[in-house]
Number of protein chains: 2
Amino acid sequence: MSDVFDALAHPVRRKILKLLRRRAMSAGELADKIDIPKPTLSGHFAVLKAADLVGTERQGTTIIYRLNMSVLEEALAAMLDIAGLRGAKPGEK
Amino acid sequence: MSDVFDALAHPVRRKILKLLRRRAMSAGELADKIDIPKPTLSGHFAVLKAADLVGTERQGTTIIYRLNMSVLEEALAAMLDIAGLRGAKPGEK
DNA sequence: CTCATATTTCGGTATTTACCGAAATACCAA
DNA sequence: TTGGTATTTCGGTAAATACCGAAATATGAG
């Protein structure tokens, strides 16, 4: 879970997630909308993927990124837990 | 808002917030429950305070930390926005 | 003022993260 | 295979963050 919070801590990564909210997009499409060098962006993709916040599917030479909503929901639940508003589950590390 | 996500990215800081969920506590009380050196902990307090996730009140020699629920709720809203589940508000930086 | 307690700041090191140009890889088409 | 497009990995540097012992500060009691 710490991976997820780490991933959420960078504004570019939050923007990526937001762009993927409506539909899956290729790395190139995302690059068109974000305007930072591709290697930098690719690094952010890797962080999101390591946290399992996004998944990938290769279609020919392009790689499609899709939001993994269930993991995002877990993060949401963890925050609700911190706030004490709901769904507890005792032990977070 | 980025300050808030940065602050949430560290497990010790999330633990602090969780401990403050029920009631405000002094730095010393928190230190009793967390078991890392006090200077380290104090640094985490400073990050949380800079993000306005906690507020302080001095009572004699002790400093009382209290959770700032409204800011935590803002973070929650930002996450709901990423997930597209609710409360949008167009421009995040 | 002196002392004891609570907490933070200082100072230095270690670790991690971010950034991005250049080069490499993967895939498909011709 | 050759060439082109899409994307990532490499390699190095820069900057931010984390850690914590020692010292400093703040406060109230006596």
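Sequence lines set the chain letters: A, B, ... in the order given, protein chains first and strands last, and positions in each chain run from 1. Scope of the values below: all heavy atoms of this structure, side chains included, with no hydrogens, waters or symmetry mates. The shown structure was predicted, so the numbers you read here are calculated from the model rather than taken from an experiment.
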To the nearest 0.5 angstrom, please state how far the CG atom of A:Leu8 sits from the CG atom of B:Asp6.
11.0 Å
Picking from B:Ile36, B:Leu17, B:Val47, B:Thr40, what satisfies side-chain contact (heavy atoms from CB on, under 4.5 Å) with B:Val12?
B:Ile36
Nearest listed nucleotide, side chain of B:Arg58, among D:dT27, D:dA22, D:dT8:
D:dT27
Is the phosphate of C:dT17 approached by A:His44 (side-chain N or O, under 4.0 Å from OP1 or OP2)?
no
Round to the nearest Å and state the distance from A:Arg13 atom CZ to C:dT17 atom C1'.
9 Å
Between B:His10 and D:dA16, is there a contact of a side-chain N or O with OP1 or OP2 at under 4.0 Å?
no
Applying the side-chain contact (heavy atoms from CB on, under 4.5 Å) test to B:Leu20, which of B:Leu53, B:Ile64, B:Leu67, B:Leu48 qualifies?
B:Leu67
Between B:Arg13 (side chain only) and B:His44 (backbone N and O only), is there a donor and an acceptor less than 3.5 Å apart?
no
Contact under 4.0 Å: A:Tyr65 side-chain N or O vs D:dT8 OP1/OP2:
yes
Euclidean distance, atom CE of residue A:Met25 to atom P of D:dA6 [Å, nearest integer]:
14 Å
Which nucleotide, D:dC19, D:dT7, C:dT17, lies nearest any side-chain atom of B:Thr40?
D:dC19
Atom pair distance, as rounded to whole Å: CD in B:Gln59 and C1' in C:dT7
14 Å
Mind calculating the distance between CZ (B:Phe45) and C1' (C:dA6) to the nearest angstrom?
12 Å
Of all the nucleotides listed (D:dT5, C:dT7, C:dT5), which has the minimum atom distance to the side chain of B:Ala27?
C:dT7
Is any side-chain nitrogen or oxygen of B:Ser26 closer than 4.0 Å to OP1 or OP2 of C:dT7?
yes
In whole angstrom, give the distance that lies between atom CG of A:Leu30 and atom P of D:dT7.
9 Å
If I take atom CG in residue B:Asp6 and atom C1' in nucleotide C:dT17, what distance separates them, rounded to the nearest angstrom?
12 Å
Tell me the interatomic distance from A:Asp3, atom CG, to C:dT16, atom P, rounded to whole angstroms.
13 Å
Can you work out whether A:Gly60 or A:Ile36 has the more 5'-proximal nearest nucleotide on DNA chain C?
A:Ile36
A:Pro39 near the nucleic acid: base, sugar-phosphate alone, or nothing, with a heavy-atom cut-off under 4.0 Å?
base
Please state whether the phosphate of D:dT5, meaning OP1 or OP2, lies under 4.0 angstrom from any side-chain nitrogen or oxygen of A:Thr62.
no
Between C:dT8, D:dT7, D:dC19, which one does the side chain of A:Lys38 approach most closely?
D:dT7
Tell me the interatomic distance from B:Arg14, atom CZ, to D:dA18, atom P, rounded to whole angstroms.
12 Å
Base, sugar-phosphate, or nothing: which does A:Ser42 touch, judged by heavy atoms less than 4.0 Å apart?
base
Between B:Leu85, B:Ile82, B:Leu80, which is the residue that forms a side-chain contact (heavy atoms from CB on, under 4.5 Å) with A:Leu72?
B:Ile82
